Amino acid sequence: MKARVHVTLKPGVLDPQGKAIEHALDTLGFSGIQEARQGKLIELNLAESDPETARAQVEEMCRKLLANTVIENYAIELEA
């Protein structure tokens with residue numbers, strides 16, 4: 001089973017990399033971008049085949065390592 005974890009900064013958390021992207025896109029002529037926020041995508045191939053167990057495992061991974069839950073949100077997608 002494949003899991004995709006999308007980690008993004010919580011609203012209101014300063015995002016200097018997102019600001020740099022926003023500025024660079026404007027410099028390249030892409031006007032009209034009101035805000036850019038960056039994040040990360042983590043793909044995991046799991047040996048687990050039960051979706052509920054896999055989701056629980058990935059939730060624990062997120063809480064312990066993959067996301068800083070003080071400043072980041074995460075979303076999990078599972079694909080059989």
Side-chain angles (χ1 to χ4, degrees):
M1 176 167 292
K2 179 177 270 190
R4 288 187 185 90
V5 180
H6 300 265
V7 180
T8 57
L9 290 169
K10 289 183 176 179
V13 174
L14 185 63
D15 182 2
Q17 194 172 359
K19 285 290 182 198
I21 293 167
E22 185 182 317
H23 177 72
L25 289 172
D26 186 59
T27 301
L28 291 171
F30 295 100
S31 62
I33 298 170
Q34 296 180 335
E35 183 179 29
R37 303 281 290 174
Q38 63 83 35
K40 59 188 171 187
L41 169 66
I42 302 164
E43 291 186 336
L44 304 166
N45 286 319
L46 307 170
E48 182 60 51
S49 59
D50 177 60
E52 287 186 31
T53 303
R55 181 171 296 279
Q57 288 176 343
V58 176
E59 288 268 351
E60 187 175 357
M61 292 176 198
C62 289
R63 287 191 306 273
K64 289 185 174 179
L65 178 69
L66 302 178
N68 178 348
T69 57
V70 174
I71 61 169
E72 295 175 323
N73 290 323
Y74 60 88
I76 299 167
E77 291 177 39
L78 295 177
E79 182 180 308

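The figures here come from the full heavy-atom set of this structure, side chains too, leaving out hydrogens, waters and symmetry mates. The structure displayed is predicted, hence computed values, not measured ones.
Contact annotation: the side chain of Pro11 approaches that of Asn73 to within less than 4.5 Å [non-hydrogen atoms, C-beta and beyond]. Within the 4.5 Å cutoff, the side chain of Met61 has heavy atoms near those of the Leu46 side chain. Between Met1 and Leu78 there is a side-chain heavy-atom pair separated by less than 4.5 Å. Between Glu22 and Asp26 there is no side-chain heavy-atom pair separated by less than 4.5 Å. Residues Asp15 and Gln17 meet the side-chain proximity criterion, which asks for heavy atoms closer than 4.5 Å.
Of all heavy-atom pairs spanning Leu9 and Leu14, the tightest one is CD1-O, 3.8 Å. Nearest heavy-atom pair across Lys2 and Glu43 is NZ-OE1, 4.2 Å. Scanning all heavy atoms of the two residues, the minimum distance from Leu66 to Val7 falls at O-CG2, 3.9 Å.
Note that OH of Tyr74 and CD of Glu59 are 4.0 Å apart. Values are rounded to the nearest 0.5 Å.
Checked options Thr69, Asn68, Val70; the residue passing with Glu72 is Asn68 (criterion: side-chain contact (heavy atoms from CB on, under 4.5 Å)).
By the rule that hydrophobic residues join a cluster once side-chain heavy atoms approach within less than 4.5 Å of another member, Ile21 and Leu28 end up as members of one cluster.
Surrounding NE2 of His23 are at most 12 heavy atoms belonging to other residues, nucleotides or ligands under 6.0 Å away.
Taking the charged nitrogens against the carboxylate oxygens, Glu52 and Arg55 have no contact shorter than 4.0 Å, which rules out a salt bridge.
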